[in-house]
Amino acid sequence: MGTVKINREDVFDGQFSCNTSTLLDPEEFRRQGHIMVDFLADYFNDIEKYPVRSQVEPGYLKKLLADSAPNQPESIEKILQNVRKDIFPGLTHWQSPNFFAYFPCISSTAGILGEMLTAGLNVVGFNWIASPAATELECIVMDWLGKLINLPKTHLFSGGGGGVIQGTTCEAMLCTIVAARDQMLDKVGRENIDKLVVYASDQTHFSFQKAVKISGIKLENFRAIPTTKATEYALCPILLSKTIQEDKKTGLLPLFLCATVGTTSTTVVDPLKPLCEIAKEYGIWVHVDAAYAGNACICPEFQHFLNGVENANSFSLNAHKWLFSVLDCCCLWVKDPNSLTKALSTTPECLRNKATDSKQVVDYKDWQISLSRRFRALKLWLVLRSYGAVNLRNFIRSHVKMAKHFEELVAVDERFEIVAPRNFSMVCFRVSPLALQEKVIFVEEDQVNKFNAKVLESINSCGNIHMTHAVVGGVYMMRFAIGAPLTDYRHINMAWDVIRNHVNVLLKNLSSVASIG
Ligand code: PLP
């Protein structure tokens with residue numbers, strides 16, 4: 001039996017009769033499904049064979065694939081052969097145990113199978129009636145997860161707030177800015193939009209700026225408050241307060257603060273308690289972006305990082321980053337769902353129904369940007385049930401322990417230095433200026449940065465491991481982020497050997513400042 005037997009042209013030509021059952025023949029689905037599961041299981045078995053960071057040149061794939069889509073059906077076996085031969089070389093293998101770049105985006109059996117279930121059922125739960133279970137399960141798992149990370153009851157459905165699963169943090173930020181914007185403009189008049197000001201730190205993720213831009217707030221009213229080493233690059237409440245006061249003096253309207261728990265560069269945590277208190281004084285909406293680190297708060301020992309969150313209006317984390325839920329799964333909680341739905345709801349006649357009119361149900365289309373939505377709650381439900389809180393905490397703790405181990409390896413080699421405190425499972429380090437001074441006298445910070453950039457490129461080009469970098473306070477650092485699902489101590493030790501070997505070679509070749517490059 002073939003796969004997809006119909007194609008538009010052939011139907012119009014009258015060559016095939018239009019038998020739609022072949023689009024989703026259960027037995028053929030079973031056969032191909034098994035092939036696909038075997039394919040992925042083999043991939044996970046062999047994953048260490050591949051260079052972690054793709055080594056291809058731009059445009060490589062165009063040279064390998066046909067110019068236009070095939071006219072005739074092709075078998076799944078042939079297509080998967082092409083995946084292995086043509087697509088794999090162009091992959092950076094995020095699930096490789098030797099992947100230490102960015103933040104993790106972790107696959108798990110439960111997460112992958114949850115995605116499969118979502119795709120198989122393929123319901124579109126934009127409102128309750130369109131698939132009641134999709135909405136109700138999402139409400140339930142958002143309360144489950146909220147309780148696990150110890151969010152205040154006020155942010156849960158059971159306490160008058162509520163949660164929604166969106167695709168990304170950027171979407172969550174945009175939705176909450178728009179809710180805050182409309183709440184404010186309803187009070188002061190829409191003509192005052194140009195007076196609205198938003199606050200963040202210079203360490204806040206750049207997607208916040210994108211969200212601000214889309215929301216129509218003037219970019220010159222975006223305050224990226226500088227951070228310093230003195231506060232370990234956390235947002236300083238005194239500076240925030242000063243900035244707000246200056247804005248108020250010039251007649252501007254402070255609107256929104258984005259605080260971060262676990263910044264992207266160094267995983268620093270902004271002090272939520274004082275920040276939220278200042279914001280409250282001025283009626284500013286606070287959103288807490290805990291994209292990566294919020295997941296660690298399922299472990300009680302990390303929950304102190306959320307002290308003060310009770311005064312935040314909204315909070316989000318990416319469960320696809322460090323809660324094994326497979327891209328995409330951004331969980332957003334709001335204290336006042338009405339402010340969100342007031343800004344985002346639409347009620348076209350074609351979607352009117354008794355349940356919505358009764359106001360007894362959640363219609364998630366009014367909690368997000370788009371109308372259509374995937375049944376993402378299924379995979380989160382599978383993850384939470386398949387592993388249980390006990391195992392989920394153990395996974396997170398094992399990543400943190402491995403990060404501590406790596407930190408100890410770095411600390412005992414005096415050619416390296418840790419450049420930011422480690423809060424979670426990421427270590428920021430560099431080759432120290434002292435190591436260079438043994439070879440080259442009078443090394444400037446810029447040269448130390450250049451040398452470290454050279455080290456990182458050399459490591460990433462070899463394909464054995466993959467790390468990325470950050471520049472904070474003028475210091476170029478390598479970020480070693482642990483969390484891939486198959487990573488073990490063996491990989492951490494091997495990574496450290498790789499790093500030291502590259503540094504040894506580059507230091508050996510260093511004869512003058514000019515040789516740094
Ligand atoms: N916020 C933080 C702290 C992040 O680390 C990231 C990505 O790594 C983001 C936001 C952006 O997330 P998204 O891609 O889901 O918009």
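Quick caveat, the model's predicted, so the values are computed rather than measured. Ligands are counted one by one from 1 in listed order, and the atoms in each one are counted from 1 as well.
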Suppose I only count heavy atoms of [X] and a 4.0 Å limit; which atoms of ligand 1 are within that range?
{"X": "Gly262", "value": "3 (C)"}
{"X": "Ser207", "value": "10 (C), 11 (C)"}
{"X": "Thr168", "value": "13 (P), 15 (O), 16 (O)"}
{"X": "Cys170", "value": "16 (O)"}
{"X": "Thr264", "value": "2 (C), 3 (C), 4 (C), 5 (O)"}
{"X": "Phe103", "value": "5 (O), 8 (O)"}

* Taking atom types as modelled, is there a side-chain donor on Trp285 or Ser314 under 3.5 Å from an acceptor on the other? ->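 Judged by distance alone, the side chains do pair up.
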* Answer yes if the side chains of Asn98 and His93 hold a donor-acceptor pair under 3.5 Å, and no otherwise. =>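 Side-chain D/A pair, Asn98 to His93: absent.
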* **Residue portion contacting ligand 1 (non-hydrogen atoms closer than 4.0 Å) for Asn318** =>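 Under 4.0 Å from ligand 1, Asn318 contributes side-chain atoms alone.
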[atom]: nearest protein contact (heavy atom, Å):
{"atom": "atom 6 (C) of ligand 1", "result": "His205 CD2, 3.2 Å"}
{"atom": "atom 13 (P) of ligand 1", "result": "Thr169 N, 3.6 Å"}
{"atom": "atom 7 (C) of ligand 1", "result": "Lys321 NZ, 3.2 Å"}

Look at the aromatic rings of [X] and [Y] and report parallel, tilted or perpendicular, splitting at 30° and 60°.
{"X": "Phe416", "Y": "Phe429", "answer": "tilted"}
{"X": "Tyr102", "Y": "His466", "answer": "perpendicular"}
{"X": "Trp367", "Y": "Phe157", "answer": "tilted"}

* Asked: More than 12 non-hydrogen atoms from neighbouring residues, nucleotides or ligands closer than 6.0 Å to CE on Met116, yes or no?
  ->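 No, CE of Met116 has 12 or fewer neighbouring heavy atoms, counting only those of other groups under 6.0 Å.
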* Asked: Contact between Asp289 and ligand 1, counting heavy atoms under 4.0 Å?
  ->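 For ligand 1, residue contact (heavy atoms, under 4.0 Å) with Asp289 is present.
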* Asked: Can you check side chain to side chain donor-acceptor pair (under 3.5 Å) on His287 and Ser316, steps first, answer last?
  -> CA-CA 8 Å; His287 177 73; Ser316 63; 2.9 Å; yes
